[in-house]
There are 2 protein chains.
Amino acid sequence: MTTVKDVARAAEVSVGTVSKVLSKDQTVKPALRARVLQAVETLGYKPNLAARALRTNRVSMFGLIVPDITNPFFAQLAKNIEAEAGQVAHTVMLANSDDDPEKEAQQVETLLNQSPRGLIVVGASRAALRGIKTQVPIVSVDRRYGSYRLISTDHQKASAMVADHFFGLGHRRIAYISGPQSTEVGRLRKKGFCDRISELATTGDPVSLVTREGQFNYLSGEENAYDLIGQAPDVRPTAIAAASDQQAIGALRAARDVGLAVPGDLSIAGFDDITLAGLVVPRLTTVAQPSGQIAKAAVHALLEEAADGGRDQVIAAQLEVRGSSGPAP
Amino acid sequence: MTTVKDVARAAEVSVGTVSKVLSKDQTVKPALRARVLQAVETLGYKPNLAARALRTNRVSMFGLIVPDITNPFFAQLAKNIEAEAGQVAHTVMLANSDDDPEKEAQQVETLLNQSPRGLIVVGASRAALRGIKTQVPIVSVDRRYGSYRLISTDHQKASAMVADHFFGLGHRRIAYISGPQSTEVGRLRKKGFCDRISELATTGDPVSLVTREGQFNYLSGEENAYDLIGQAPDVRPTAIAAASDQQAIGALRAARDVGLAVPGDLSIAGFDDITLAGLVVPRLTTVAQPSGQIAKAAVHALLEEAADGGRDQVIAAQLEVRGSSGPAP
DNA sequence: CTGAAAGCGCTTACAG
DNA sequence: CTGAAAGCGCTTACAG
């Protein structure tokens with residue numbers, strides 16, 4: 001490997017000068033700078049990052065811990081974070097916690113040992129709050145990790161947008177299939193939807209709202225939807241909002257099976273905007289989480305603050321109105 | 001931060017001895033070893049990895065470059081690689097190439113700058129073959145990168161298994177929806193299927209085989225399947241094999257739309273075993289890629305060899321027979 | 001078996 | 001504005 005020394009020799013300057021040129025120090029005279037740059041070019045010099053890290057105690061890496069990279073939303077998030085990190089010339093280390101607090105703690109430690117520039121973690125569901133002491137700034141994203149600041153979608157407001165959408169289309173018998181109320185996300189999404197419906201129901205026409213608790217998965221959506229739409233036509237809901245796209249797609253399937261037209265007889269909306277949401281027939285009305293903005297906010301939060309202590313940040317999501325929702329029958 | 005020096009002082013030994021204990025050098029006497037370990041424990045000493053890297057010129061990291069972490073197969077692969085790397089106390093840096101040779105080259109360079117223990121890359125589709133010189137061992141996985149050794153599923157044999165499965169169920173009018181023939185994977189899967197059918201057709205009953213070229217996606221599967229099953233009942237295929245699960249799920253949808261029972265009237269099989277394959281109704285017969293084994297093979301290939309130059313490795317996949325395939329009508 | 005010392009490749013006060 | 005030199009925290013021949 002060629003080192004600063006080689007470059008210094010070739011450019012006939014000291015290693016200190018080489019280092020200054022490389023770190024864009026302005027105090028080097030143009031003539032010297034040119035010689036150094038020339039030497040770097042011809043020698044194909046690449047700085048040894050380990051040496052730099054040792055000296056500066058700072059590595060151009062972020063650590064990212066997600067419960068499961070196989071989850072489409074986390075994969076999208078990881079992709080955006082990697083892209084955003086690339087913008088500031090950082091690389092990202094990825095680890096999975098399998099949604100297990102034990103393993104999460106271990107992964108945090110492993111990544112921290114690399115002394116990265118910062119750590120981004122999507123907390124495991126029932127995370128323990130054991131404190132870790134480190135100089136490395138940490139932010140949580142989507143689901144809080146420990147007591148670190150959280151950057152996430154505004155789940156409540158987003159759900160409220162779905163409620164507005166349905167109400168605006170004239171629906172007055174509405175159902176909500178929630179996520180598990182043991183999760184914060186499940187609670188926030190439900191609260192946002194139900195609170196808004198209550199609000200609309202008191203200021204406008206009366207609305208009948210029925211809610212069902214489910215898992216976030218496909219099957220749960222299908223089963224709950226079957227139950228809901230199995231009722232008499234003048235009783236069953238004309239619109240179903242689900243806490244996840246997977247649930248909504250399950251509901252779509254249920255509607256198809258019992259012969260209800262979507263959106264003619266029944267409107268359906270999901271949450272997340274996974275790839276499949278745009279592929280099903282009809283395409284699913286859903287909430288697109290601002291994964292790109294979350295990624296950007298997380299990276300910049302880490303870059304700017306020395307330790308944690310920033311405030312939580314909530315980012316507006318966007319309603320994607322597509323074919324699965326329409327005017328009430 | 002506490003350093004070897006602090007540990008040495010606390011244990012009343014030299015830093016060299018501390019280092020030896022930490023590197024599991026057997027030549028340290030139990031008494032000293034115990035004192036060192038004790039000091040490490042009480043001080044909470046963590047080695048500075050940058051310093052170690054500088055000294056040994058070796059980092060406990062792997063680089064992983066995939067076209068798109070958002071693709072479920074790559075996400076699964078990444079998860080397995082991370083797990084496997086964890087087993088040998090390595091961490092993994094992730095980068096996306098967006099399936100763009102330019103960006104891929106740049107990502108390779110970026111990760112190589114960290115001088116990782118090895119690089120695993122899933123090649124971009126139309127990758128340029130520009131050579132890079134590096135000491136870092138590189139393997140390609142799933143799709144070849146440059147001219148580096150490739151570790152991948154035995155696509156041909158796996159497709160042949162699907163052919164055997166259909167033939168064994170009595171199907172004699174069979175269709176194959178391929179992936180793009182511009183991709184190696186597309187070609188291999190098709191060849192494996194068609195060659196086996198030809199073989200069976202000459203040794204057993206005659207078989208009519210029709211193939212259609214498509215994209216790997218959902219829509220392509222749906223459209224091609226519509227065409228195929230739109231024919232007269234005595235002409236149309238009784239079984240359709242697709243080159244991807246996405247295509248197969250599209251075909252499932254097409255069958256449902258025209259009122260064909262699966263597997264009563266039509267058997268369908270996919271390839272990949274994505275999560276959704278187990279969720280659709282009926283559950284999809286498909287080929288499970290040995291992502292775990294591929295990950296393991298890749299990590300160990302990197303660990304064992306100093307440079308590239310190992311041989312390609314092809315790993316057997318497994319046929320998952322589920323509800324979407326049955327006896328010919 | 002243990003310790004003293006050199007050195008990995010950088011960056012950064014500090015002189016000049 | 002430039003160079004000489006110290007030092008980041010390790011590991012590893014080399015003496016003893």
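In what follows, every heavy atom counts, from backbone to side chain, and hydrogens, waters and symmetry copies are set aside.
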How long is the gap from CZ on B:Arg144 to CD on B:Glu184, to the nearest 0.5 Å?
6.5 Å
Measure from the side-chain N and O atoms of A:Thr153 to the backbone N and O of A:His155, and report whether any donor-acceptor pair falls under 3.5 Å.
no
Give the dot-bracket line for DNA chain C from 5' end to 3' end: parentheses for intra-strand Watson-Crick or G-U pairs under 3.5 Å, square brackets for crossings, | for inter-strand pairing, dots for unpaired.
|||.||||||||.|||
Straight-line distance of A:Glu82 CD to A:His90 NE2, nearest 0.5 Å
13.0 Å
For the student: nearest non-hydrogen atoms of A:Phe74 and A:Asp68, plus distance
CD1-O, 3.4 Å
With A:Leu119 as reference, evaluate A:Val139, A:Leu112, A:Thr134 under the side chain to side chain contact (heavy atoms under 4.5 Å, CB included) test and give the passing residue.
A:Leu112
Evaluate A:Asp312 against A:Arg149 for salt bridge (charged side-chain N to carboxylate O under 4.0 Å, His left out), listing each step before the verdict.
CA-CA 5 Å; A:Asp312 283 2; A:Arg149 61 182 292 191; 5.8 Å; no
Here the distance between atom P of D:dG9 and atom CG of B:Asp6, to the nearest Å, is 9 Å
Could you list by number each residue of residues 30-44 of chain B showing a heavy-atom separation from DNA chain D of less than 4.0 Å, or answer none if no residue does?
none
Atom pair distance, as rounded to whole Å: CG in B:Leu54 and P in D:dG7
17 Å
Just by distance, do the side chain of B:Thr56 and the backbone of B:Arg52 share a donor-acceptor pair under 3.5 Å?
yes
Rounded distance in Å - NZ (A:Lys29) to P (D:dG3)
11 Å
For the side chain of A:Thr27, starting at C-beta, report the closest nucleotide among D:dG9, C:dT2, D:dT2.
D:dT2
Nearest 0.5 Å, please: how far is CD in A:Gln313 from OG in A:Ser152?
9.5 Å
Donor-acceptor pair, B:Glu84 side chain versus B:Ala295 backbone, under 3.5 Å?
no
Can you check the B:Glu12 CD to C:dG3 P distance for me, whole Å?
11 Å
Shortest non-hydrogen pair, A:Val185 vs A:Asp142, comes out as CG2-O, 4.3 Å
For nucleotides 10-16 of chain C, 5' to 3', base contacts (B), sugar-phosphate-only contacts (S) and non-contacts (-) with protein non-hydrogen atoms under 4.0 Å give BBBB---
Candidate list B:Asp154, B:Asp272, B:Asp273, test side-chain hydrogen bond (donor to acceptor under 3.5 Å, both in side chains), partner B:Gln289, passing option
B:Asp272
